[in-house]
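One structure below.
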Amino acid sequence: MKNILIIHTGGTISMTEDKVTGTVKPENQNPLHNITSTLQSIANITVIELFHLPSPHITPKEMLLLKQEIDRRIVQDQIEGVVITHGTDTLEETAYFLDLTITKDVPVVLTGAMRSSNELGADGPYNLISAVKVASSDSAKGKGVLVVLNDEIHTAKNVTKTHTSNVATFQSPQYGPVGSVTKKSVTFHHAPIVRQTYHINEITKSVVMLKAYAGMDQSIFHAIQTLNVNGLVIEALGQGNLPPATIPGLKDLLKRNVPIVIVSRCFNGFVQDIYNYEGGGKQLKEIGVLFSNGLNGQKARIKLLIALEITNDPRMIQKMFLQ
Ligand code: ASP
């Protein structure tokens, strides 16, 4: 049996429903500890409880601590696979952070739940069992950080939370899952062809994100200058366009060496410098706006945070976003 490390970080999977009010919150004792003995029949399990946080409380600081703990344990305890339980709200951001920063080739799998531990149809224990099966599978090696819920295996890069409450919330728009989990097997039918990793030891920069809308103007771009931001991600319109009234604000930020990366607010497709009108992608590229490669906004933000620890050169940052 493989040596699998389970790291609990919190989230609904570790929460309990109040039977009177129907509200859900963390209790002192993590209910997931009750199923550790069941998991021992699949792998040699070590469990640590790193955090007990709802995932809206997770910040890049916790993501970095998680990465450092995983790096340390892989070496120190001969860990052959890692499973992380996490709240689903920001799970994709932590997953992508780890995908970009963990350089060791050990399966790392994140899972969570949409229903808390004592609700009818609780999906947490089942998802945790599936995640341990995937982390123990030889075929999970070399596929980057994976997200496993609802019998599906997704890559950290493509997966996103698509529904507020449905158990089938995690989807990979445009690509689909890379594999599936059944009672008896873990099967991969796709594999990512590239994986980028970066060595970082700290996160020191501030990157904010804005969503474009009809009628957006330059005022918000001037307002964020007072925040001393180091980078900006914009969920732009369609194929990568912005209202013309934003342009003076963008130029001002670029003059202050604040890299601006655009993604699309559409959840399928890529941004490109196609449209040749004021505010169109062609003009955005000409003034120095950087283009992402199909990542959603929250993941582009994670990538820019990491990129800025390595370089401030817009050409290098653009290269990192093209891969
Ligand atoms: N709000 C919860 C969290 O992200 C949702 C969940 O875990 O599913 O912590």
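As the structure lists them, so they are numbered: ligands from 1, and atoms in each ligand from 1.
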Nearest-contact summary for atom 8 (O) of ligand 1 - protein heavy atom, Å: T88 OG1, 2.4 Å
Regarding Q40 and S37, do their side chains bring together a donor and an acceptor under 3.5 Å, going by distance alone? no
I'd like to know if K25 and D18 make a salt bridge, using a cut-off of under 4.0 Å between side-chain N and carboxylate O. no
Between E17 and K19, does any NZ, NE, NH1 or NH2 come within less than 4.0 Å of an OD or OE carboxylate oxygen? yes
Check ion pair K211-E235 (N to O, under 4.0 angstrom): yes
Between H8 and H86, does the ring centre distance come in under 6.0 Å? no
For atom 4 (O) of ligand 1, which protein heavy atom lies nearest, and how many Å away is it? S55 OG, 2.5 Å
Which ligand 1 atoms are under 4.0 Å away from a heavy-atom of P56? 3 (C), 4 (O), 9 (O)
Regarding D99 and K157, does a basic nitrogen lie under 4.0 Å from an acidic carboxylate oxygen? no
What atoms of ligand 1 come within less than 4.0 Å of a heavy atom belonging to T12? 2 (C), 5 (C), 6 (C), 7 (O), 8 (O)
What do you reckon, does K161 have a nitrogen or oxygen under 3.5 Å from a nitrogen or oxygen of ligand 1? no
Return the closest protein heavy atom for atom 1 (N) of ligand 1 as residue, atom name and distance. D89 OD2, 2.8 Å
Under 3.5 Å, N or O to N or O, is M15 touching ligand 1 that way? no
Any atom of ligand 1 sitting under 4.0 Å from a heavy atom of G10? no
Any carboxylate oxygen within less than 4.0 angstrom of a Lys/Arg side-chain nitrogen, looking at D138 and K2? yes
Atom indices of ligand 1, in the order listed, that fall short of 4.0 Å to a heavy atom of G11: 7 (O), 9 (O)
